[in-house]
Amino acid sequence: MTMKVHQQSRFSAVFLGLFSLGILVFAVPRFVASIYALYPESVLTHHQSTIPVEDYLTSIRDLDAALAWDNNPDYLQAKALCNLALVNSPAIPITQKYLQLFEARQMIIKGLKVSPIDGFAWYRFALVDKPLGHPVSEVAEALRLSLYSARVEPDLVMQRLTLAFSYLNELRIEDQALWLKEVPLAWKYAPNKLVAFVIQNPKAKSWVQIAFVYDIEHLDQFERAYEKAIKNIIPAPTH
């Protein structure tokens, strides 16, 4: 009886040891990767205009090191953000900008394969496809997937609407109807940005009016805000 208990205790100890080792095998790579990702995370929290090019290049190297330990979609998307920041930098030559755009697209694709429910990543995918000259259908599909992944996303609503509007005449009827439904969300979460966008793009006013055709109250609110903003931009003449 004592020997049986001893064997059971030994088996339990071996099992516990293997279980602990398994946890370490999975935990250690993630921990090491998270250490490498600390600097890029701090860089990406600052405004782009205040960050030198070298910091983004260092961040990309650190993220490559992190990805060698853990194929985390967040690290892939963070690397894409660094690539896009370099695209927007005046210190980067035009030829390098296209290489950075292409690299950003590759990172976004890899990240979406691991984690496809990412509204921000799908929006960036559409954003990158535009300057790279990809077909409108691909941009529209990425925007649709962004919308389906994160329908109510205050930080994305105006960005997506702005990009969709630039393709409005080339979108299918059902796509146009889909984006018209986003206008009320833009008015709810970013009314000032919506008004500013319409002022900068006068043709968008009819788009907003169509979106509110059955919502007179919000249409009146928008019209008043629009007229007030116009008056602030163009003061009444003095006599």
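For the single chain, residues carry numbers from 1 onward in sequence order. Because the structure is predicted, anything quoted here is derived from the model rather than measured. Note that these values count all heavy atoms, side chains included, but never hydrogens, waters or copies made by symmetry.
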Visitor: What distance separates L81 CG from I108 CD1, expressed to the nearest 0.5 Å?
Guide: 8.0 Å

Visitor: Would one find more than 12 heavy atoms of other residues, nucleotides or ligands at under 6.0 Å from atom NZ of K97?
Guide: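 Check passes, neighbour count above 12.
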
Visitor: Cation-pi check, K130 to Y167: give yes when NZ or CZ is under 6.0 Å from the six-membered ring centre and within 45° of the ring axis, no otherwise.
Guide: yes

Visitor: Between Y36 and Y75, does the ring centroid distance fall short of 6.0 Å?
Guide: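 Distance test on ring centres: not under 6.0 Å, no.
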
Visitor: Counting N and O atoms only, with roles assigned by atom type, does the side chain of N201 sit under 3.5 Å from a partner on the main chain of K203, one being a donor and the other an acceptor?
Guide: no

Visitor: Does the side chain of S146 reach to within under 4.5 Å of the side chain of R160, using non-hydrogen atoms?
Guide: yes

Visitor: Under the side-chain contact (heavy atoms from CB on, under 4.5 Å) criterion, do T58 and D62 qualify, and how do the steps go?
Guide: CA-CA 6 Å; T58 300; D62 285 353; 4.0 Å; yes

Visitor: Would you say the side chain of V139 lies within less than 4.5 Å of the side chain of L143, judging by non-hydrogen atoms?
Guide: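 L143 reaches V139 side chain to side chain.
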
Visitor: Does N88 use its side chain to pair, donor to acceptor, with the backbone of L84 at less than 3.5 Å?
Guide: yes

Visitor: Of F165, W207, W187, F222, which is the lone residue that meets ring pair (Phe, Tyr, Trp, His ring centres under 6.0 Å) with F197?
Guide: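 Answer to the ring pair (Phe, Tyr, Trp, His ring centres under 6.0 Å) test with F197 among F165, W207, W187, F222: F165.
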
Visitor: Salt-bridge test for E141 and R144: reply yes if a basic N is under 4.0 Å from a carboxylate O, no otherwise.
Guide: yes

Visitor: Is the CH2 atom of W69 crowded by more than 12 outside heavy atoms at less than 6.0 Å?
Guide: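 At most 12 heavy atoms, drawn from other residues, nucleotides or ligands, come within 6.0 Å of this atom.
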
Visitor: Would a distance-only check, ignoring hydrogens and angles, find a side-chain to backbone donor-acceptor pair under 3.5 Å from E182 to V157?
Guide: no

Visitor: Is there side-chain contact between Y98 and L132, with heavy atoms separated by less than 4.5 Å?
Guide: yes

Visitor: From D175 CG over to S137 OG, what is the distance, rounded to the nearest 0.5 angstrom?
Guide: 10.0 Å

Visitor: Hey, is NZ on K205 packed in by over 12 heavy atoms from elsewhere, all under 6.0 Å?
Guide: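 Yes - once you tally the heavy atoms of other residues, nucleotides and ligands closer than 6.0 Å, there are more than 12.
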
Visitor: Are any of the side-chain heavy atoms of H218 and K188 separated by less than 4.5 Å?
Guide: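 Sidechains of K188 and H218: no contact.
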
Visitor: In the structure I gave you, are the side-chain heavy atoms of V128 and F102 within less than 4.5 Å of one another anywhere?
Guide: no

Visitor: If you apply the rule side-chain contact (heavy atoms from CB on, under 4.5 Å), what do you find for L112 with Q77, and how did you get there?
Guide: CA-CA 9 Å; L112 286 170; Q77 299 301 343; 4.2 Å; yes

Visitor: Please step through side-chain contact (heavy atoms from CB on, under 4.5 Å) for the pair V53 and L86, ending with a clear verdict.
Guide: CA-CA 7 Å; V53 166; L86 291 174; 3.7 Å; yes

Visitor: Begin from the C-alpha positions of R151 and L185 and carry the test side-chain contact (heavy atoms from CB on, under 4.5 Å) through to its verdict.
Guide: CA-CA 9 Å; R151 174 68 195 278; L185 282 177; 3.8 Å; yes

